[in-house]
Protein chains: 2
Amino acid sequence: METGGRAGGRVTLATVASALGVSRATVSNAYNHPERLSPRLRSRVLRTAGELGYAGPDPLAATLSRGRVNALGLVYEDPMSFAFSDPAAVLFLQGVSEVCEREDLALVLISGGPGSAVARVALVDGVICYCDIPVDGKLAAIVERGLPFVVVDGPQVPGAGHVGIEDRAGAAAAARHLIDLGHTRLGVVALPLVDDEWEGTADLDRQDRARYRASRERLLGYQDAVGAAGLGWSAVPVEERSPYGRDAGRRAAAALLARRPRPTALLAMSDELALGAMAAAADAGLSVPGDVAIVGFDDVPAAADAHPALTTVRQPHREKGRRAAELLLRRGSPGPAGDEHRLPVELVVRASTGPPPGR
Amino acid sequence: METGGRAGGRVTLATVASALGVSRATVSNAYNHPERLSPRLRSRVLRTAGELGYAGPDPLAATLSRGRVNALGLVYEDPMSFAFSDPAAVLFLQGVSEVCEREDLALVLISGGPGSAVARVALVDGVICYCDIPVDGKLAAIVERGLPFVVVDGPQVPGAGHVGIEDRAGAAAAARHLIDLGHTRLGVVALPLVDDEWEGTADLDRQDRARYRASRERLLGYQDAVGAAGLGWSAVPVEERSPYGRDAGRRAAAALLARRPRPTALLAMSDELALGAMAAAADAGLSVPGDVAIVGFDDVPAAADAHPALTTVRQPHREKGRRAAELLLRRGSPGPAGDEHRLPVELVVRASTGPPPGR
DNA sequence: GGCGACTACTAAACCGGTTCAAAGACGGCG
DNA sequence: CGCCGTCTTTGAACCGGTTTAGTAGTCGCC
């Protein structure tokens, strides 16, 4: 299908140049450096180009010489449609896109993780990995390509920028809050610890093998608080479901709430999981926080709108997105200083937590 | 900052070739056409490449020769962060991204509309315009570039694909539903009609100038039903607020509900607007549907979760996204057949509508 | 009238690959 | 032994521009 070209081959800069009897450099200049051209010739060039149906320098070819694509990649591990249904990811995307707009950059969404076929060939100046990078084993395509990149929430990778939050401290604050309220029987609604789609109660061994950095750190945070309170960590059930959405939280919480003695408080590793847990409590005819207290992690908008409003650990999702994008843009300039950002979190106490029943 | 290159210039295919004393074609073949090479030489090439720190053919250069970028652009008119907070847009994005993943394509988000600087240079094989294209006046950069493109919900553009829904029929069904229930005093909570950020009651003249195709069609649909019922359209106030989010709905509805006599039913052009209108009703101490009936448009997930659940016009957002992407991929093959898709809508009656008070 | 400074434009190298026709090596076959 | 087909590998053109060094031509000035 004809998309602008002429029958006898495509109209290129050279076509225009020879039609006018000028050099290609001149035509190029007419578009990119008007001041290097007499106004008269420039307008002749532009007019002829118009008549020939020349749409201006091909951005791809221009990019090849200039070396800059003006696009920023965002790598996600799961299908992108998951990202769009995860409110935390959406907030993060908003932060990234704000910077892209300000800098006139396109935002290239790359799914399938840093080793995918798309990641191998995507035309970008740099990449934000909104996922874990497998530090062990085979390197990711992104790394191999030598593209500047920033890892968000994942592990620190040599040579890459990093943006994260105080996962461990935040999780500890959440657990401490429950413990301070008097809870002693806790349960954890966990994000996936390993990318094997496994479901069940994660024992200490599996907890130890946790691959996802955020999951691991939050688990450690809970553990810190439980340990500090003199409660035994091994008595705290950690329920893992896959994938990481609201339904997973519902199912994990259902399992926890079916235990006897029943936990009086649930620590959810994300708000989506927590909201699922609230649904599970309702399913079981339990009141929140009367029968069971629930605390989330993220503070997405839905947390404040929930009934009861969700106690959670607030993290600055949009800011994380902005920082990641800005960090990536600064890459290329010297000085590894400021290549790591660890953003603070804050416990937000709302209505979903209270003292345990009978206290 | 060094990102993979050597001090003495970047490592290219030519570097590897001369290091081995073979031609560049051979090195290229080692990556792209292994079968054209003796296994022995191929492994030599790959090994040397590894030693030299060559990351494989540069995708950008490869693209230039091959002519295909393997990326699909999505143009949005407002800031992308708006798109991410619009549930309908998010569903649409999910549909598009599903196809991208299946086809191993990157999804390039382009904000600022089809004439923006980013649209002018974005490296994509084709573009989906999730926004109106200004058919009059200056052509969009996308059109000028001769890229294949598909317009969604917008006007039909010669040479472009098109995906839309039965806006007019859907809107008419919504209005008819209210009229059948006995409502005679209606009000419209409108999406922006013109891109001038104007706010107020849109008179017939402004309604006539409505630039956004979906807004215009829905307005016509309402008008169809009102006219068919023998009610006067000019008596129906159309409140316009900007931008198009929940807060706009709340403010527009507040203005409508402050009128005397008060409308007994509100037609909202989107679910977000309708949800805002429900908030406005609550603000005014009115019950829904007891004092005022509300019907939306879109059927986003939040519509079913609302209290009361929202009566609305369902449209297949994800399917629209999938269709748009697939249509774009098919472009380039002959036959304009099937270049236009108009998807059906369906009135979904829930709890937010009922008979007018005192009837 | 000669010198230097500008201005306007061009030639050629370069960006980093892909591709295709053709050349060379090699083995099989009559 | 000579001819031919097959398998490897290569040279050169090509993708569509950008850029830098340099060349005419013009002007001002002493």
Side-chain angles (χ1 to χ4, degrees), chain A residues 3-6 9-46 48-49 52-70 120-121 123 125 145-147, chain B residues 3-6 9-46 48-49 52-70 120-121 123 125 145-147:
Chain A
T3 55
R6 277 235 174 323
R10 182 167 166 186
V11 182
T12 72
L13 186 145
T15 318
V16 178
S18 70
L20 276 155
V22 302
S23 76
R24 294 183 303 150
T26 299
V27 180
S28 175
N29 282 333
Y31 287 94
N32 300 311
H33 303 281
E35 78 285 359
R36 294 188 195 163
L37 223 57
S38 66
R40 189 166 140 53
L41 179 54
R42 177 170 137 90
S43 68
R44 274 213 308 151
V45 170
L46 263 30
T48 308
L52 261 42
Y54 178 62
D58 179 75
L60 185 61
T63 291
L64 179 57
S65 339
R66 283 205 258 261
R68 199 188 143 111
V69 179
N70 282 313
R120 206 172 298 278
V121 302
L123 268 25
D125 296 315
R145 282 178 59 184
L147 284 174
Chain B
T3 54
R6 278 236 172 322
R10 182 167 166 187
V11 182
T12 71
L13 186 145
T15 317
V16 178
S18 70
L20 276 154
V22 302
S23 77
R24 294 184 303 150
T26 299
V27 180
S28 175
N29 282 333
Y31 287 94
N32 301 311
H33 303 280
E35 79 285 358
R36 294 190 194 161
L37 224 58
S38 64
R40 188 165 141 55
L41 179 53
R42 176 170 138 89
S43 67
R44 274 214 307 151
V45 170
L46 263 28
T48 308
L52 260 41
Y54 179 63
D58 178 74
L60 186 61
T63 292
L64 179 58
S65 335
R66 283 205 258 260
R68 199 188 143 110
V69 180
N70 281 314
R120 207 171 296 278
V121 302
L123 268 26
D125 296 317
R145 282 178 61 185
L147 285 174

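Model, not experiment: these values are computed from the prediction.
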- Task: Would you mind telling me which residue lines up with the more 5' stretch of DNA chain D, A:L13 or B:S23, judged by nearest nucleotide?
- Result: B:S23
- Item | Qualifying residues under side chain to side chain donor-acceptor pair (under 3.5 Å), relative to B:N70, sequence neighbours excluded | B:R68
- Regarding the side chain of B:R24, the nearest nucleotide among C:dT10, D:dT9, C:dT18 is C:dT18
- Nearest-angstrom distance from the residue atom CG of B:L37 to P of D:dT6: 20 Å
- Message: Categorize B:V22 for me: base, sugar-phosphate, or nothing, with a 4.0 angstrom heavy-atom threshold over every strand shown.
- Response: sugar-phosphate
- Taking OP1 and OP2 of D:dT9, is either one under 4.0 Å from a side-chain nitrogen or oxygen of B:R36? no
- Query: Whole-Å distance between D:dT8 P and B:R44 CZ?
  - Reply: 15 Å
- Correct closest heavy-atom pair for A:Y54 and A:V11 would be CD1-O, 3.5 Å
- Task: Remember a base hit wins even if backbone is also touched, and classify B:Y54 as base, sugar-phosphate or nothing at under 4.0 Å, heavy atoms.
- Result: sugar-phosphate
- Taking only the side-chain heavy atoms of B:P57 (C-beta and beyond), determine which of C:dG17, D:dG17, D:dT20 contains the nearest atom. C:dG17
- A:R10 CZ - D:dG17 C1' separation (whole Å): 11 Å
- Tell me what B:L41 touches on the nucleic acid: a base, only sugar-phosphate, or nothing, going by heavy atoms under 4.0 Å. sugar-phosphate
- Work out which heavy atom in B:L52 is nearest to a heavy atom in B:A19; give both atom names and the distance. CD2-CB, 3.9 Å
- Between atom CZ in A:R42 and atom P in C:dC9, what is the gap in whole Å? 13 Å
- d(CZ, A:R66; C1', D:dG16) in whole Å: 12 Å
- Taking every heavy atom of B:P57 against every heavy atom of B:Y31, the minimum-distance pair comes out as CD-CG, 3.5 Å
- Note on the structure: Winner on side-chain proximity to A:A61, out of C:dC9, C:dG16, D:dG16, is D:dG16
- Item | Residue whose closest nucleotide on DNA chain D lies nearer the 5' end, B:P39 versus B:L64 | B:P39
- Item | Proximal nucleotide (of D:dT19, C:dA8, D:dG16) relative to the A:S28 side chain | D:dT19
- Task: Start with the C-alpha distance between A:L123 and A:L60, add both sets of side-chain angles, then the distance that settles side-chain contact (heavy atoms from CB on, under 4.5 Å), and finish with yes or no.
- Result: CA-CA 10 Å; A:L123 268 25; A:L60 185 61; 4.1 Å; yes
- Message: How many whole angstroms separate atom CD of A:E35 from atom C1' of C:dT7?
- Response: 13 Å
- Message: I'd like to check the side chain to side chain donor-acceptor pair (under 3.5 Å) partners of A:T48; sequence neighbours left out, ordered by chain and number.
- Response: none
- Rounded off to whole Å, could you give me the CG-to-C1' distance for the B:L123 and D:dC15 pair? 14 Å
- Quick one: is C:dT19 close enough that its OP1 or OP2 comes under 4.0 Å of any side-chain N or O from B:H33? yes
- Query: Hey, does B:T26 reach any base, or is it just sugar-phosphate, or nothing, if we go heavy atoms under 4.0 Å?
  - Reply: base
- Task: Measure from the side-chain heavy atoms of B:A25 and tell me the nearest of D:dT10, C:dT10, D:dT9.
- Result: D:dT10
- Message: Does C:dT19 have its OP1 or OP2 closer than 4.0 Å to a side-chain nitrogen or oxygen of B:S65?
- Response: no
- Return no unless some side-chain N or O of B:S38 is found under 4.0 Å from OP1 or OP2 of D:dC7. no
- Nearest-angstrom distance from the residue atom CG of B:L60 to P of C:dG17: 10 Å
- Task: Report the nucleotide, chosen from D:dG16, C:dT19, D:dT18, that has the shortest atom-to-atom distance to any side-chain atom of A:N32.
- Result: D:dT18
